[in-house]
Amino acid sequence: MTVQIAPSILSADFAALGSAIAAVERGGADLIHVDVMDGHFVPNITIGPPVVRSVKRVARVPLDVHLMITDPDRYIDAFAAAGASMMSVHVEVLPHLHRTVHAIKALGVKAGVVLNPSTPVVALEQIAGDVDFVLVMSVNPGFGGQSFIPRSESKVQEVRALLDRAGNTSAPIEIDGGIDHNNAARVVAAGARILVAGSAIFHAPDPERATRELKAAAMAALTPSPSSAR
Ligand code: DX5
Ligand code: ZN
């Protein structure tokens with residue numbers, strides 16, 4: 001059992017993405033998290049398939065593409081072709097979520113479903129057995145650098161229980177928003193296994209080191225304490 005760290009390039013210098021990615025990879029990044037925003041679902045506009053294609057050329061770890069857009073069905077083919085290994089879509093915009101999840105899988109991409117902070121876990125009830133992962137937003141999506149919403153911790157526990165009830169014990173929970181070395185161990189203890197971090201990594205003086213330290217903080221929650229070790 002391990003925890004994966006997914007640095008979000010939203011907080012990196014877009015003029016120097018190649019070196020930003022290389023630095024976090026040296027620090028042990030497991031994935032590169034790519035935030036796609038359309039100015040409709042969220043009040044910000046970021047990047048599209050051409051940038052993902054360029055990032056794919058330089059990244060050595062898989063790309064985790066988070067679609068914060070109102071009409072993901074129109075773009076999943078393009079992001080798969082651009083090099084996404086994981087793609088997540090928001091339940092809030094998808095009346096036909098089952099179809100979208102299976103369309104992503106049919107492209108050979110791992111399919112994730114995302115819940116905004118105000119979206120109840122029950123929204124996943126009928127899809128929990130189909131997903132490859134669930135992304136719990138711990139801030140309202142749209143911007144990096146926001147504060148972690150504490151209630152997200154119990155939400156991760158609830159999602160874990162739902163996935164287990166659905167028999168989907170291998171689907172990991174990803175958490176995104178306000179993650180740093182202070183709360184990493186807590187969210188891992190709650191059940192998160194993929195930690196997204198933007199500002200805590202790319203606004204740190206040394207992103208390579210920040211990645212390594214975040215991973216160590218996260219992994220500490222999985223390591224038995226000395227008193228319980230034999
Ligand atoms: C927020 C994005 C996040 C963001 C996280 O809408 O989905 O991935 O980059 O940034 P931090 O870690 O700074 O909250
Ligand atoms: Zn994200």
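We count ligands from 1, going down the list as the structure has it; atoms in each ligand are counted the same way.
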Return the CE to CD1 distance between Met86 and Ile194, rounded to the nearest 0.5 Å.
4.0 Å
So is Ala197 touching ligand 1 or not, going by heavy atoms under 4.0 Å?
yes
Inter-residue atom distance Phe148.CZ - Ile175.CD1, 0.5 Å rounding:
4.5 Å
For ligand 1, which atoms sit closer than 4.0 Å to a heavy atom of His66?
7 (O)
Please could you name the atoms of ligand 1 that Gly177 approaches to less than 4.0 Å, counting only its heavy atoms?
14 (O)
Counting only N and O atoms by type, is there a donor-acceptor contact under 3.5 Å from the side chain of Glu25 to the main-chain atoms of Val61?
yes
Considering heavy atoms of the protein only, find what lies nearest to atom 1 (C) of ligand 1 and give residue, atom and distance to 0.1 Å.
Phe143 O, 3.5 Å
Is there a side-chain contact (heavy atoms from CB on, under 4.5 Å) between Leu162 and Arg165? Walk through the geometry before answering.
CA-CA 5 Å; Leu162 174 59; Arg165 272 203 310 282; 3.5 Å; yes
What's the spacing between Ile201 CD1 and Ile179 CD1 if we round to 0.5 Å?
10.5 Å
Under 3.5 Å between any N/O of Gly142 and any N/O of ligand 1: does that happen in this structure?
yes
Enumerate the protein N/O/S atoms at a distance below 2.8 Å from the Zn ion (ligand 2), ignoring waters.
His33 NE2, Asp35 OD1, His66 ND1, Asp176 OD2
Do Asn140 and ligand 1 have an N or O pair less than 3.5 Å apart?
no
Where is the nearest protein heavy atom to atom 9 (O) of ligand 1: which residue, which atom, and how far?
Ser8 OG, 2.8 Å
Is the side chain of Glu92 donor-acceptor paired with the backbone N or O of Asn116 at a distance under 3.5 Å, no angle test?
yes
Under 4.0 Å from a heavy atom of Asp176: give me the atoms of ligand 1 that qualify, with their elements.
2 (C), 3 (C), 4 (C), 5 (C), 7 (O), 8 (O)
Which residue in the set Val42, Val114, Leu135 passes side-chain contact (heavy atoms from CB on, under 4.5 Å) when paired with Pro141?
Val42
Residue-level breakdown please: for Ser199 versus ligand 1, do any non-hydrogen atoms fall below 4.0 Å on the side chain, on the backbone, on both, or on neither?
both
Could you list which atoms of ligand 1 come closer than 4.0 Å to a heavy atom of Met137?
7 (O)
heavy-atom search around atom 12 (O) of ligand 1 in the protein gives Gly198 N, 2.8 Å
Which of the numbered atoms in ligand 1 are under 4.0 angstrom from any heavy atom belonging to Pro141?
6 (O)
Point-to-point distance, once rounded to the nearest 0.5 Å, from NE2 of His96 to OG1 of Thr100:
8.0 Å
Measure from the side-chain N and O atoms of Asn44 to the backbone N and O of Gly142, and report whether any donor-acceptor pair falls under 3.5 Å.
yes
What protein heavy atom sits nearest atom 14 (O) of ligand 1, and how far off is it?
Gly178 N, 2.8 Å
Could you list which atoms of ligand 1 come closer than 4.0 Å to a heavy atom of Gly144?
10 (O), 13 (O)
May I have the list of side-chain donor-acceptor pairs in residues 27-41 shorter than 3.5 Å, sequence neighbours left out?
residue	atom	partner	partner atom	Å
Asp30	OD1	Lys215	NZ	3.0
Asp30	OD2	Ile5	N	2.8
Asp30	OD2	Lys215	NZ	2.9
His33	ND1	Asp64	OD2	2.8
His33	NE2	Asp35	OD1	2.9
His33	NE2	His66	ND1	3.4
His33	NE2	Asp176	OD2	3.2
Asp35	OD1	His66	ND1	3.2
Asp35	OD2	Ser8	OG	2.7
Asp38	OD1	His40	N	2.8
Asp38	OD1	Phe41	N	2.9
Asp38	OD2	Thr70	N	2.8
Asp38	OD2	Thr70	OG1	3.4

Hey, does the side chain of Asn168 reach the backbone of Val131 with a donor-acceptor pair shorter than 3.5 angstrom?
yes
Sub-4.0 Å atoms of ligand 1 with respect to non-hydrogen atoms of Val196
8 (O)
Give, for atom CG of Leu115 and atom CD of Glu158, the distance between the pair rounded to the nearest 0.5 Å.
10.0 Å
In terms of atom number and element, which parts of ligand 1 are under 4.0 angstrom from non-hydrogen atoms of Met37?
6 (O)
When distances are taken from atom 2 (C) of ligand 1, the protein heavy atom at minimum range is Asp35 OD1, 3.4 Å
Just wondering, do Asp132 and Ile104 contact through their side chains at under 4.5 Å, heavy atoms?
no
Is there at least one pair of N or O atoms, one from Gly145 and one from ligand 1, spaced under 3.5 Å apart?
yes
Does Arg193 use its side chain to pair, donor to acceptor, with the backbone of Glu174 at less than 3.5 Å?
no
Closer than 3.5 angstrom, by distance alone: can the side chain of Asp180 be matched with the main-chain N or O of Ala200 as a donor-acceptor pair?
no
Does Met68 have a non-hydrogen atom less than 4.0 Å from ligand 1?
yes
